[in-house]
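What follows is a set of notes on a single structure, which appears directly below.
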Number of protein chains: 2
Amino acid sequence: MTAEQQARATLADVARLAGVSAKTVSRAMSGDGSVSEVTRERVMTAAKRLRFRPNTLARNLRHGGVTNSVAFVIGDITNPFYFNVAAGIERELATKGMTMLLATTDDAPGSEAVVVDALLAQRVRALIIVPIAKDQSYLEGERQLGTPVVCVDRPAHHLVADSVVLQNRLGIEEAVRSLIAVGHRKIGFVCSPAELYTHQERLLGYRSALLEAGITDSRRYERLEPVLGATAEESVRELLALDDPPTAIIAGNNRASTAAWRELFNRSPRVAFIGFDDFEFADTLGISVVAYDPIELGREAARLVLARLDDPSGPPRQIELPTHLIRRGSGEVPPPDAPDSTIAP
Amino acid sequence: MTAEQQARATLADVARLAGVSAKTVSRAMSGDGSVSEVTRERVMTAAKRLRFRPNTLARNLRHGGVTNSVAFVIGDITNPFYFNVAAGIERELATKGMTMLLATTDDAPGSEAVVVDALLAQRVRALIIVPIAKDQSYLEGERQLGTPVVCVDRPAHHLVADSVVLQNRLGIEEAVRSLIAVGHRKIGFVCSPAELYTHQERLLGYRSALLEAGITDSRRYERLEPVLGATAEESVRELLALDDPPTAIIAGNNRASTAAWRELFNRSPRVAFIGFDDFEFADTLGISVVAYDPIELGREAARLVLARLDDPSGPPRQIELPTHLIRRGSGEVPPPDAPDSTIAP
DNA sequence: AGCACCTATGTCAACGTAGTACATTTCTGT
DNA sequence: ACAGAAATGTACTACGTTGACATAGGTGCT
């Protein structure tokens, strides 16, 4: 790399070379005002020669001081779920020439406001956030200043904002009903951590579907870890070690799904299993899951942002993305005592 | 959302409220010049009252017109490999208060320059790119203007730039040697597509390790798809349908790994298998792989950017990240004709 | 007292772009 | 031929921040 560093060309430089004023160059480049064909040619040639590239910073400053980047704030960047959501956001934004800024809070609720603050100082156009702190009211002022805030996966706390969530209850309900249809009555539920909105919703779905089938004594089969990081493997082991163990297990989130399956893999007699969130190999391994489209989740979030930028008024919208059960075998394993069981005497 | 939209407070607004000049506010906020304690208090109070947030756009414009975002340009955002690299970049940049802009080219070589151009117009501070086009010489001008360019996973074509790549040859060589040690002589290599630098390197590693063991007739076991999208499943089927099929197969990239394993899963007699790039479940399923740390790959790339920003001079650096074989069983399956084979008569 | 020096603050201009206002030229129609 | 419209170009300025420079008052030393 050379030590020399030629200066970046500006509108004025191009104007000088082309022998016109800066404004004329601006017009020629943007095609806004009217410029003669000869002049336009000359300007374009000069611009190309100088490798001129309009400074978006200056342009944005001139135009109200906002960038055209949308920030996506997540807790844990290594969770594949977020990655797919990010993909959806990026693609949707790209159709409008906008870009995505990715930031993480490392799952620390306390750092959410700090990270968001830094992003706002950068004048992001909008904020898409997976809420992790218990309170998003700190964003109220910013919202009033016209920065759209869209929550993904879970709604905000103490803040009026658009959001995109999954049909959590319906998804788990479908899973429970499916297991009941195969003959299961003792169904476990493993999920972590307990305090998240999504997990609460899924727990409610689990309970309501059981109740619907007249099963009222399943509390002992619920295992929601109180803290992040507690392993779902342990929960599964606990459940199977009960005197009257469940014959089927449902996992309430993607990390719990993989952990639970790890524990159930190679165990016999087979325990029926349904996970939440599809993943690579789930098809090859024959694992039934409650699936949804994370990319679409991101796209919807981005669409909400675009809609809000277009028209800031109107009530907040909450979009519910459908979930659906994919039957691949693991969820269709009958209970050992079923009449059609192969282990029957 | 209210239709009203109060204006965003500026330095001047804060100054007016605090009864000082704009410059004093600037000093008080940045802690740069000297400001008396009383004044600082008054300014801070005024700033808080007005919810003042310094406009990074303006600040950056004042300082040479560059943002503090680094763009990461990838081909296919749904490839988990890139996601982990992105995670590494984001984390490393965050330590320096910089942010990551994510952009994709949808694996279309032609759109690389277009996407990059848009990013440069946004005055990104640096560029981290997974080269996909055949020629990155279009970045030469920008590099001379002081924008660091770092290539990830593969080096740039026709451009002097720092890069971070994997020890591709060594990784595959280790895999081949390991298979040979177990007794294999007929080893297949599946990878796609053929034209990528990484895949070429891995192919060379495959060949050299075989040669080292005196195996010279393995060309018929090489299956590199000429085009993106061709399935590795087919390649595996082709290999196993040969009159003299290989007893072991190595996959040269992550997509090929999963595809190949899908095909080999449940097939008997078992074919030894070693994949490239670790993935979830590989441990549970007992799949041996040539692994590396994608997050570290991203971190290194970000470090190169930071180093280059710090000191633009000096020769380009190419960092090689280590790869290592993780033995989990699938790569330790002996050939059917081995003396210690369980199928021996 | 005189001087150097330091602190606390203020004034002005500039970063690069583009909107507003206005000046100039060229082209219409009567 | 001439008013008026249309086409084309220029000058000035603001966007929000900060560096360069200036100023006013205070402190310490000779």
Side-chain angles (χ1 to χ4, degrees), chain A residues 5-44 46-47 50-68 118 120-125 145-146, chain B residues 5-44 46-47 50-68 120-125 145-147:
Chain A
Q5 217 179 86
Q6 63 202 77
R8 207 176 284 273
T10 72
L11 264 189
D13 297 325
V14 178
R16 207 169 304 124
L17 182 59
V20 295
S21 77
K23 181 68 224 226
T24 302
V25 176
S26 168
R27 274 202 273 253
M29 300 294 297
S30 67
D32 198 43
S34 50
V35 179
S36 76
E37 201 44 50
V38 228
T39 312
R40 156 166 281 114
E41 276 307 309
R42 265 226 314 284
V43 169
M44 288 312 193
L50 295 174
R51 289 210 202 84
F52 171 71
R53 219 188 291 277
N55 188 330
T56 312
L57 234 59
R59 176 181 296 163
N60 287 337
L61 177 60
R62 185 72 180 71
H63 259 85
V66 186
T67 66
N68 57 9
L120 291 175
Q122 285 199 49
R123 293 296 190 273
V124 292
R125 194 76 178 282
L145 287 170
Chain B
Q5 218 180 83
Q6 64 202 77
R8 208 175 284 273
T10 72
L11 265 188
D13 297 326
V14 178
R16 208 168 306 123
L17 182 58
V20 294
S21 78
K23 182 67 224 226
T24 301
V25 176
S26 165
R27 276 196 273 251
M29 301 294 297
S30 67
D32 201 41
S34 53
V35 179
S36 75
E37 201 46 48
V38 228
T39 313
R40 157 166 279 115
E41 276 306 310
R42 266 227 311 286
V43 168
M44 288 312 194
L50 295 175
R51 287 210 204 86
F52 171 72
R53 217 188 294 277
N55 189 331
T56 312
L57 235 58
R59 177 180 306 171
N60 287 337
L61 176 59
R62 186 72 181 70
H63 273 84
V66 185
T67 65
N68 57 8
L120 291 174
Q122 286 198 48
R123 291 296 190 275
V124 292
R125 193 75 177 282
L145 287 169
T147 307

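Lettering follows sequence order; numbering is per chain, from 1.
- Nearer to the 5' terminus of DNA chain C, by closest-nucleotide assignment, is the contact made by B:V25 (compared with the other of B:V25 and B:G65).
- As a whole-Å value, the separation of B:K23 NZ from D:dA20 C1' is 9 Å.
- Here D:dT8 is the nucleotide among C:dT17, D:dT17, D:dT8 with the atom lying nearest to any side-chain atom of A:T39.
- Minimum interatomic distance between A:L57 and B:L61 (heavy atoms only, all atoms of both residues): CD2-N, 3.7 Å.
- Shortest non-hydrogen contact noted between A:A47 and A:M29 is CB-SD, 4.2 Å.
- Counting non-hydrogen atoms under 4.0 angstrom, A:T24 reaches a base of the nucleic acid.
- When the C1' atom of C:dT17 is taken as reference, atom CZ of A:R53 falls 16 Å away, rounded to whole Å.
- Between A:R123 and A:V35, the one whose closest nucleotide on DNA chain D sits nearer the 5' end is A:V35.
- Distance CG (A:L57) to P (D:dT18): 13 Å, rounded to an integer number of Å.
- Per the geometry, CG belonging to B:N60 stands 10 Å off C1' belonging to D:dT17, to the nearest Å.
- Within 4.0 Å (heavy atoms only), A:T10 reaches sugar-phosphate atoms of the nucleic acid but no base atom.
- Per the geometry, CG belonging to B:L11 stands 15 Å off C1' belonging to C:dT11, to the nearest Å.
- The minimum heavy-atom distance linking A:L11 with A:A22 is given by the pair CD1-O, 4.1 Å.
- Between D:dG16, D:dT18, C:dG10, one nucleotide has an atom nearer to the side chain of B:L61 than all others, and that is D:dG16.
- As a whole-Å value, the separation of B:D32 CG from C:dA8 C1' is 14 Å.
- Phosphate contact (OP1/OP2 of D:dT18, side-chain N/O of B:S26, threshold under 4.0 Å): present.
- Atoms CG (A:N55) and C1' (C:dA18) sit 13 Å apart, rounded to a whole Å.
- The residue B:R62 sits close to a base: some heavy atom pair falls under 4.0 Å.
- Residue B:S21 places its side chain closer to C:dT11 than to any other of C:dA18, D:dT18, C:dT11.
- Look at CZ on B:R27: it is 13 Å from P on C:dT7, rounded to the nearest Å.
- Between atom CZ of residue A:R40 and atom CD of residue A:E37 there is a gap of 6.0 Å, rounded to the nearest 0.5 Å.
- Minimum heavy-atom separation, A:V35 to A:T24: CG2-O, 4.3 Å.
- Side-chain nitrogen and oxygen atoms of B:S30 include none within less than 4.0 Å of the OP1 or OP2 phosphate oxygen of D:dT18.
- Picking from C:dG19, D:dT10, D:dG19 the nucleotide with the shortest atom distance to the side chain of B:H63 gives D:dG19.
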